[in-house]
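Worksheet: one structure, shown below.
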Amino acid sequence: MPTLTMQSIADLTRVQRGVVSMWRTRFAGTPHPFPPSLSEDELLFDAQQVAAWLEASGKGNNPEAPLEVLLHSSQFEELRGDPETASVLFLLHDLVGGPLTEVRPEDVREALAHRTSELLIPQHRLEGLWARAELLSAVDELAEAAFSGRALLDRLAGSFSRPRGPWAREALTAPGIALVVEILRGLLELAPRRLDPQDPGALLLATELALALEDEDQPRYGVDLSADMAAESWAALRMLAAHAGTDHVVDREAGAEEPHLALHHGPAAEDPVELYDRIESMLLDLGPSDFAMVIGPSELLLDPLRQEAHRAARSRLLLPRPESPAPLRYAARLPKGLSRFGGRRRLAMWVFGTAAPHAGTDWTVYGEHADTALDASSRAALAADVAAALAGGTSLTAHAFLRSTRLATGALLRRPDLLLSPQSGPPRSGGESLARLWELDDGSLSQTLALRATEENRTDPTLSWAQALNGLAREVRGTRLPSQVIRAPAAGSVAVIGPEEVRDPSRLGQRAVDRLVLEQTVPRSILTLPGDVVFTAEGGAAAVVDTAGGHLLQAPARVLRCLTGPHASRVLHPRVVAADIAAQEGRDRRTWRLRTIPAEALPALDAVGPLLEDRRAELRRQLDSLDQLEDELIQAVAAGTLAATLTTPEKEN
């Protein structure tokens, strides 16, 4: 007898488990009480009784719940425990197109002749399966509840990524699945290619793609058909066969010459060298028309690697060589929130391929999408970026990349890490910058600095947030202050600097805390030092330089305190850091890039900074005076206290 648990009833009706408990108590004395539990030891309920109660009461958020009750019952769970047998019978039901109890094994063999691989449906097992009448009847009942055997295969494959399921580590969130499916769809539209999943994680993504595509748009799927494959992988292959057709699931060794897209998805990889070896083996099998797509942990694909052996293995894998048929064409850190059970795990992507011969070869498009939204338009734009990078040629100049930039492959891959911010514009030479400064300067710089253009090649002056904290700066957290202790400034108080003051520096000095109260409530408070960069990421990045210091730092605002080592060739400057932080587009500090300056340029920037600030303050005062002039004129004329007429200029003789 099929039974349901409290949680399965909640899943069936699409409500929280507590709602089911409420139904049991609230409807106890009504004409339609909730069905009683079948056991005193555990809460189990008869599936048919629950279906009848849902039909009579209409409760829940799933109108089809009375019809789908068996799909959440112990009957399906028992079949799910043997995915090999279940997937074979589900696929057979889909191919036969009717109840299995009404056909004979020989009829099935005739229907399967020349349609499928012996490994997909082992025909020697048919006699044994047909001897289990109860099993066939259970499959028929489940197929009727799901409306098809294909839907049962979809449900079976989807259960592998449940919590504590065999593929839980590889599971992505719904927005993450939508993003990857969009990218795969775009790559397959460039030219028809066979999709070759390389591992269980990639096979999981292939099943999601099959669910998203119409039957006529399904690609061929190339897999390593071996008898020692896990039962879950076989079940997923049978699901693909139900969607694309049994002749579309092929042994990739038999079709080695067919253009294909190799897919690797290993978000929980632990051994970097093993991961790089697997990817290298996949790349060596690529031909001139093949693509490869890798999704893995950002710390192994893009982030700085601590061990020299790991850095060497990654460089050896990525650096172009004569025998490399498919160089790295696209590299990106993917948006956060993709991993379903990975917590704060961050994912990145590599895409390899060879574009048209006339398009050149030495380029890689880098994209920084860690803070990109996961809405439909952003997913489509990111997928278009990847497709343009693979197409090459005029696509690289005609396409409007989303937070991506084209770089020389060698220049990118020889970096210690592959993280960088796309440049906002084309770099200027020293002469161009000098001419631009002469055009803009009103005397503020020429009287203080001697500037000249250098012949040095332009270098990337930026570094990541993590690198900045490795000796060049220190991050200081703010103090969480109770709102009741913040008052107006008074004698014996200390001014507060928090997110409000960072976003509007003119408000600095309007809030304060009495020092005695501060010592009683928050004894370990943090005060700023002159030159501290106070920043916040809440509601968008913003930063300001606290030139005076001595302010009480209120969380969630933080301080980045620039350090100047005696032997550092390049350092961080507070004004430059504040400008860089304010220009960041996302909240994730791991994606931020900060510009460094040569240490010998510090005295010049320190000297010119106050002059520019004084000049800026003078211009603000002039603007304020103009605003007051206009307001006073309008108010007086409107009130009639002044009469205003145009003066007629006198003609000169």
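Residues passing the salt bridge (Lys or Arg N to Asp or Glu O under 4.0 Å) test with R162, sequence neighbours excluded: E77. With sequence neighbours left out, the side chain to side chain contact (heavy atoms under 4.5 Å, CB included) criterion links I177 to L172, V181, E208. Judged as a salt bridge (Lys or Arg N to Asp or Glu O under 4.0 Å), and not counting sequence neighbours, R474 has no contacts. By the side chain to side chain contact (heavy atoms under 4.5 Å, CB included) test, A373 pairs with D375, S378, sequence neighbours left out. With sequence neighbours left out, the side chain to side chain contact (heavy atoms under 4.5 Å, CB included) criterion links A387 to L190. Shown here are the ring pair (Phe, Tyr, Trp, His ring centres under 6.0 Å) partners of W167, two or more places apart in sequence or in another chain: F160. Residues passing the side chain to side chain donor-acceptor pair (under 3.5 Å) test with E632: none are found, sequence neighbours excluded. Here R615 pairs with D442 under the salt bridge (Lys or Arg N to Asp or Glu O under 4.0 Å) rule; sequence neighbours left out. Taking the salt bridge (Lys or Arg N to Asp or Glu O under 4.0 Å) definition, one finds that R503 meets it with nothing, sequence neighbours left out. Applying the ring pair (Phe, Tyr, Trp, His ring centres under 6.0 Å) criterion to F401, with sequence neighbours excluded, gives H399.
With ring centers used as reference points, F535 lies under 6.0 Å from W465.
A heavy-atom distance below 4.5 Å is found between the side chains of V513 and V496. Counting heavy atoms from C-beta outward, D514 and V494 have side chains that stay 4.5 Å or more apart. When side chains are defined from C-beta on, V522 counts as touching P482, because their heavy atoms get closer than 4.5 Å. In this structure the side chain of M293 reaches within 4.5 angstrom of the side chain of I183, judged on heavy atoms. At a threshold of 4.5 Å between non-hydrogen side-chain atoms, the residues P272 and L305 do not count as touching. Side-chain atoms of H264 and L275, non-hydrogen and from C-beta on, do get closer than 4.5 Å to each other. Using a 4.5 Å heavy-atom cutoff, the side chains of L560 and L594 are in contact.
The neighbour count for Q484 CD, taken as heavy atoms of other residues, nucleotides or ligands under 6.0 Å away, is above 12.
Separating the CG atom in L572 from the CG atom in L563 is a distance of 8.5 Å, to the nearest 0.5 Å.
Using modelled atom types, one finds a donor on one side chain and an acceptor on the other under 3.5 Å when comparing D303 with S298.
In terms of modelled atom types and a separation under 3.5 Å, the side chain of T521 and the main chain of V517 share a donor-acceptor contact. Judged by distance alone, with hydrogens and angles left aside, the side-chain atoms of R333 form no donor-acceptor pair with the main-chain N or O of A348 at under 3.5 Å.
Using a 4.0 Å cut-off between charged nitrogen and carboxylate oxygen, R278 and E274 count as a salt-bridge pair. Checked for salt-bridge contact, E501 and R507 miss the test: no charged N lies under 4.0 Å from a carboxylate O.
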So L318 and F352, side-chain contact (heavy atoms from CB on, under 4.5 Å) or not? Walk me through it. CA-CA 10 Å; L318 295 179; F352 301 82; 3.8 Å; yes

Could you pull out all donor-acceptor pairs under 3.5 Å where a side-chain atom in residues 624-631 meets a protein atom, sequence neighbours excluded?
residue	atom	partner	partner atom	Å
S625	OG	R621	O	3.0

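With T596 as the partner, the side-chain hydrogen bond (donor to acceptor under 3.5 Å, both in side chains) test is satisfied by one option alone out of Q467, R570, H573: R570.
Applying the side chain to side chain donor-acceptor pair (under 3.5 Å) test to residues at least two apart or on different chains, the pairs with a partner in residues 547-561 are E475-R558, R511-Q554, D532-R561, D546-H551.
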